[in-house]
> 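Structure below; questions to follow.
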Amino acid sequence: MSAVIRNARIRGETQPVDIAIENDRISAVGPALSIKAAREIDAAGNLVLPGLFNLHFHADKCLLGEIMRPNVSGTLPEAIEITNFFKRKYDPAEVSERAVRAMQAGVLNGTTFFRLFCDVGTIGGLQAARGLLLAREKMKDHCRVEVVAFPQEGIVRDPGAAELMDEAIKEGCDIVGGLPWYEYTDEEARQHIDICFDLAKKHDLDVHMLVDDTDDANSRSLEYLALKTMREGFNGRVTASHCGAMAGYNDVYAAKVIDMVATAGITISVNAHINLVCSARLDREPRRRGIARVKELLARGANVVSSQDDVHDPYYPFGKPDPFECASMIAHVAQLTLPHELEQAMDTITVNSARAARISDYGIAAGMRADLVVTGAQSVNEALRLQPPRRHVFCGGREVARSTLTQELLP
Ligand SMILES: [Zn+2]
């Protein structure tokens, strides 16, 4: 036996258990296992979770906040303009250095799976993609990484972007990105989605788009994305991030689209951090929040995840990055405050994300991959409330991070 975590509290169990790890797998879970292991860890009754996810992270832009000029308007267009300044001279080694630093912080906070978005388009070419593929290689012993070929300047309005996405996929990107709402017209937004599906079918890849990330309630590409997903037989293979326009839909239209999203098995990624600071900058009060209708989606059985879009970049000046903070954020913006709703918030960074990434060997049970986080919290509530340091993080059966915290109240 390579390791055993003793006295672990796991979700859905009333009594503490031991978790045995053999190579990259969990080999046994049960109370007081009578086994010997090279490494023994006492979880001390703390919550132990399977590895945490960040399914939407623009790692190519992360930490540009250290060197950029301020985003004076706080809007998406100005963030794009600032980013383009850097993108014109991106160097893969420099992109990778920033991405690795942010990912290391994420791993310390229990993230064992990242989906990184790299801008692919005629301004930066393939430099961001190459940087994140390099970062994935550097971090391969610490976490699992997917890289999304993401057309930040659109596809129809950025001639050449589709061909560059195809190239980025050939170089190793493994998810087809998209940004349909950014096209000039509804018709071109639909063309954008069609092109993304052509790429996804050609390379047999899943799709993750940024959809209707705007205060305009008439931005309606989610409806077409859901229809396309059903027609192309991509059920369960598509994630749509943001979808803030949904907040402004009339209730009848919202119910129809939510039903389509659930039927198509589309995952909705809520990125509350960025939308709370970027959305509705032109509103006087009351100010909208630009967040998808989380409770209605959950009630209809749609899959919802919460993820950390930005870490100190032209869009957003904060970001730890910590999945617990993401779960806490979605709990705040969607008003998930009852005990079962706190569990739903925790699901967004664990099981729901695993479903979106189509990982079948996920969870704390014999045979599952040993991606594990020994938290410093006694319960889901305490994890979300205090977000204490993660004591031990395992990825593929290997301990990859450890934290200690000493606090002392002096007389
Ligand atoms: Zn994003």
Side-chain angles (χ1 to χ4, degrees), residues 53-65 71 74-84 86-87 95 98-99 102-103 106 111 114-121 124 128-129 132 145-155 165 173 175-183 192 196 207-215 219 221-222 225 238-246 266-279 281 289-292 304-321 323 325-326 329-330 333 348-349 353 356-357:
F53 286 79
N54 185 0
L55 278 192
H56 178 150
F57 176 27
H58 296 274
D60 53 350
K61 298 163 188 160
C62 74
L63 302 174
L64 284 176
N71 180 343
T75 59
L76 289 181
E78 187 172 344
I80 290 169
E81 184 189 316
I82 296 171
T83 309
N84 286 347
F86 291 100
K87 220 152 61 172
V95 171
R98 283 184 287 103
M103 288 161 76
T111 316
F114 293 90
R115 191 174 268 183
L116 308 181
F117 283 65
C118 59
D119 286 9
V120 176
L132 295 192
V145 177
E146 290 175 335
V147 181
V148 184
F150 172 59
Q152 173 74 72
E153 284 82 47
I155 297 178
M165 287 172 74
C173 290
I175 302 283
V176 178
L179 188 68
W181 67 271
Y182 194 62
E183 300 291 354
H192 180 122
C196 293
V207 174
H208 190 150
M209 293 193 190
L210 276 56
V211 180
D212 299 338
D213 186 12
T214 165
D215 303 316
S219 181
S221 45
L222 182 58
L225 178 66
V238 176
T239 297
S241 281
H242 301 296
C243 306
M246 188 190 285
I266 289 178
T267 292
I268 301 293
S269 170
V270 171
N271 304 90
H273 297 73
I274 181 65
N275 286 115
L276 285 179
V277 301
C278 255
S279 298
R281 281 273 176 162
R289 298 189 294 178
I291 305 289
V304 177
V305 305
S306 180
S307 38
Q308 175 85 47
D309 198 328
D310 302 273
V311 173
H312 197 197
D313 69 12
Y315 296 71
Y316 181 75
F318 313 111
K320 281 161 79 172
E325 189 178 271
C326 293
M329 274 284 187
I330 196 171
V333 296
T348 65
I349 56 166
S353 288

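As the structure lists them, so they are numbered: ligands from 1, and atoms in each ligand from 1.
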> If the condition is side-chain contact (heavy atoms from CB on, under 4.5 Å), which residues does Ala128 pass it with, not counting sequence neighbours?
Asp60, Tyr90, Cys118

> Can you name the residues that form a salt bridge (Lys or Arg N to Asp or Glu O under 4.0 Å) with Asp212, not counting sequence neighbours?
none

> List in chain and number order the residues that pass salt bridge (Lys or Arg N to Asp or Glu O under 4.0 Å) with Glu183, two or more places apart in sequence or in another chain; answer none if no residue qualifies.
none

> Aromatic rings Phe114 and Phe57: how do their planes relate, parallel, tilted or perpendicular, breaks at 30° and 60°?
tilted

> Quick one about Ser307 and Ser269 (side-chain donor to acceptor, distance below 3.5 Å, no hydrogens or angles considered), yes or no?
yes

> Which protein N, O or S atoms lie under 2.8 Å from the Zn ion (ligand 1), given by chain and residue number?
His56 NE2, His58 NE2, Asp309 OD1, Asp309 OD2

> side-chain hydrogen bond (donor to acceptor under 3.5 Å, both in side chains) between Asp310 and His273: does it pass, once the steps are laid out?
CA-CA 8 Å; Asp310 302 273; His273 297 73; over 6 Å; no

